[in-house]
Amino acid sequence: MTFLSKGSALPANIRRPGYDQDRLKPGILHIGLGAFHRAHQAVYTQRALEAQFGDWGIVAVNLRSPEPVEALAAQDGLYSITVRSEAGDSSEVLGATVDWICAAKDGQRVLDYLADPAIRIVTMTVSEKAYGLHPVTGGLDHNHAAVAHDLANPHKPSGVLGFIVEGLALRHAAGLKPFTVLCCDNLPANGRVIQRLVLDMARTRGTGLAEWIEREGAFPCSMVDRIVPAATEETRRRAASLLGVDDRLALDTEPFLQWVIEDRFVEGRPSWEAGGAIFAENVEPYEKMKLRLLNGSHTLLAHLGILNGLDYIREVMAVPELAAKARNHMEEVVSTLDPVPGIDLPAYIDELLARFANPTIAHRNIQISLDTTQKLPQRLLAPAIDALMQGERADATAYAVGTWMAAVRKRGDCDDPRRAEVLAAAQGMEPNDPSASFFALPGLFPEQLKEARNWRDQINASIREHQVI
Ligand code: CS2
């Protein structure tokens, strides 16, 4: 079979880009060519271009792996997504990507684009651990491998921050405007977090760069949401049968998608509202809602799944007692949220449970369990602190944290930047206070929670319930 390309004769029911791709010029550089970007921002950009054509083509950069870059090259920048639900499947070919680069192989081309005034927005989905965010200070972690490398080699960066800072430095030196930096990772106040890290790194240059970025730059916060499991052989087989050609980048996703963005851009933006994006003055209530309700209960369900020998979130949701734990988690955590404009929170919770239960989406528990040390603070620890400070119980968050500890012990493994320490903590569980070895991990639990004896006892009860000790 041949690969998807501009010349492919696709079946009539496959939606194609509704604009002339050959006229599309670059305007956005995206870092992190994973599944999420391809089924989220790329879709919004396609809708924006269909509604109002402009120079907003995407230059897709992957930091390390050349694989998705080579696949894009083989497919004229095209790939498909299949939106799956019980109502049926519908596929679409996305075409807003105009160029593709593997930064590890060709960092200079990335820098050339970043220095080009045509690029007005840099977006990123690189996952929480890629930034070098210090867990205690919230500033730059100088010991993070990519950060350390980029501080020592500022003109030959390897990490996301190094590329952004060097790109901004090149523009500063050339008398250009900065590009807008739009983070699309699941971090609270993600724009402000990235701004602080960029400024921390820029300050080490000492050329007035940081002051210029602070004055002229923009780092809008954004909340992103769509469940996009990693592709499998089955995903690719299904895409091939629907498209009639092979698509190495095919993805399955759910019908739901959401993007709430602070409207602060240095030099314009695509009409992402054409795809349903919401532009808001303050994104924080939306971020908190999504991180605490969706992501927090996702982390709970994933570990309940691992503890019960289940592979997928949908299988966990099919066990009524386990699904009830997710509802219970959300119903407790919701009291830590401020009202969210335009959102009915009980209806949002019902919708989340239905999304998790979607029987056509195969989202692996192991995938969601990845990097849990990077996810706990915003998903489970922040709502626990808020609840305890309001004098309320925080049993649900304690229960969820306990399922993580129990799951690591049961599996005897985890995939996490702190893997060795986490495994040692799981092995070192003491029967009378099994979570103590995890509380001893530097910088993971804030002091308030270390001192919350009742909350810690709830975690211990959760670990014991799962009979791993
Ligand atoms: C998940 C998220 O992998 C995870 O940790 O909780 O990727 C989740 O699927 C997305 O944030 C949904 O928008």
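Just so you know, ligand 1 is whichever comes first in the structure, and atom 1 is the first atom listed for that ligand.
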Peer 1: For Asp395, check side chain to side chain contact (heavy atoms under 4.5 Å, CB included) against everything at least two apart and list the hits.
Peer 2: Glu332, Arg393, Gln458
Peer 1: Which bit of Asn186 is near ligand 1, meaning a heavy atom under 4.0 Å away: side chain, backbone, both or neither?
Peer 2: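 Near ligand 1, Asn186 shows its side chain, while the N, CA, C and O stay back.
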Peer 1: Out of Trp272, Phe279, Phe36, which one pairs with Trp259 under the ring-ring contact (aromatic ring centres under 6.0 Å, His included) rule?
Peer 2: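 Result for ring-ring contact (aromatic ring centres under 6.0 Å, His included) with Trp259: Trp272.
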Peer 1: In terms of atom number and element, which parts of ligand 1 are under 4.0 angstrom from non-hydrogen atoms of Lys290?
Peer 2: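 Near Lys290, the atoms of ligand 1 are 10 (C), 11 (O), 12 (C), 13 (O).
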Peer 1: Could you tell me which residues satisfy side-chain hydrogen bond (donor to acceptor under 3.5 Å, both in side chains) with Tyr348, sequence neighbours excluded, listed by chain and number?
Peer 2: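 side-chain hydrogen bond (donor to acceptor under 3.5 Å, both in side chains) list for Tyr348, sorted by chain: empty.
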Peer 1: Taking heavy atoms and a distance under 4.0 Å, where does Lys375 meet ligand 1: side chain, backbone, both or neither?
Peer 2: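 Side chain only.
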Peer 1: With heavy-atom distances below 4.0 Å as the criterion, list the atoms of ligand 1 near His363.
Peer 2: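 Every atom of ligand 1 under 4.0 Å from some heavy atom of His363: 9 (O).
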Peer 1: For ligand 1, find out whether one of its N or O atoms is nearer than 3.5 Å to an N or O atom of Arg379.
Peer 2: yes
Peer 1: In terms of atom number and element, which parts of ligand 1 are under 4.0 angstrom from non-hydrogen atoms of Arg226?
Peer 2: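 Heavy-atom distances to Arg226 below 4.0 Å select 12 (C), 13 (O).
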Peer 1: Considering residues, nucleotides and ligands other than Glu67, do more than 12 of their heavy atoms fall under 6.0 Å from its CD?
Peer 2: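 Atom CD in Glu67 is not crowded, with 12 or fewer foreign heavy atoms closer than 6.0 Å.
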Peer 1: Please list, in number order, the atoms of ligand 1 under 4.0 Å from a heavy atom of His298.
Peer 2: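 Near His298, meaning under 4.0 Å from one of its heavy atoms, ligand 1 has 1 (C), 6 (O), 8 (C), 9 (O).
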Peer 1: Taking the six-membered ring of Trp56, is the NZ or CZ of Arg120 close enough (under 6.0 Å from the centre) and on axis enough (within 45°)?
Peer 2: yes
Peer 1: Under 4.0 Å between a side-chain nitrogen and a carboxylate oxygen: does that hold for Arg16 and Glu50?
Peer 2: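 Glu50 and Arg16: not salt-bridged.
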Peer 1: Return the residue, atom name and 0.1 Å-rounded distance of the protein heavy atom closest to atom 2 (C) of ligand 1.
Peer 2: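 In this structure, atom 2 (C) of ligand 1 has Asn295 ND2, 3.6 Å as its nearest protein heavy atom.
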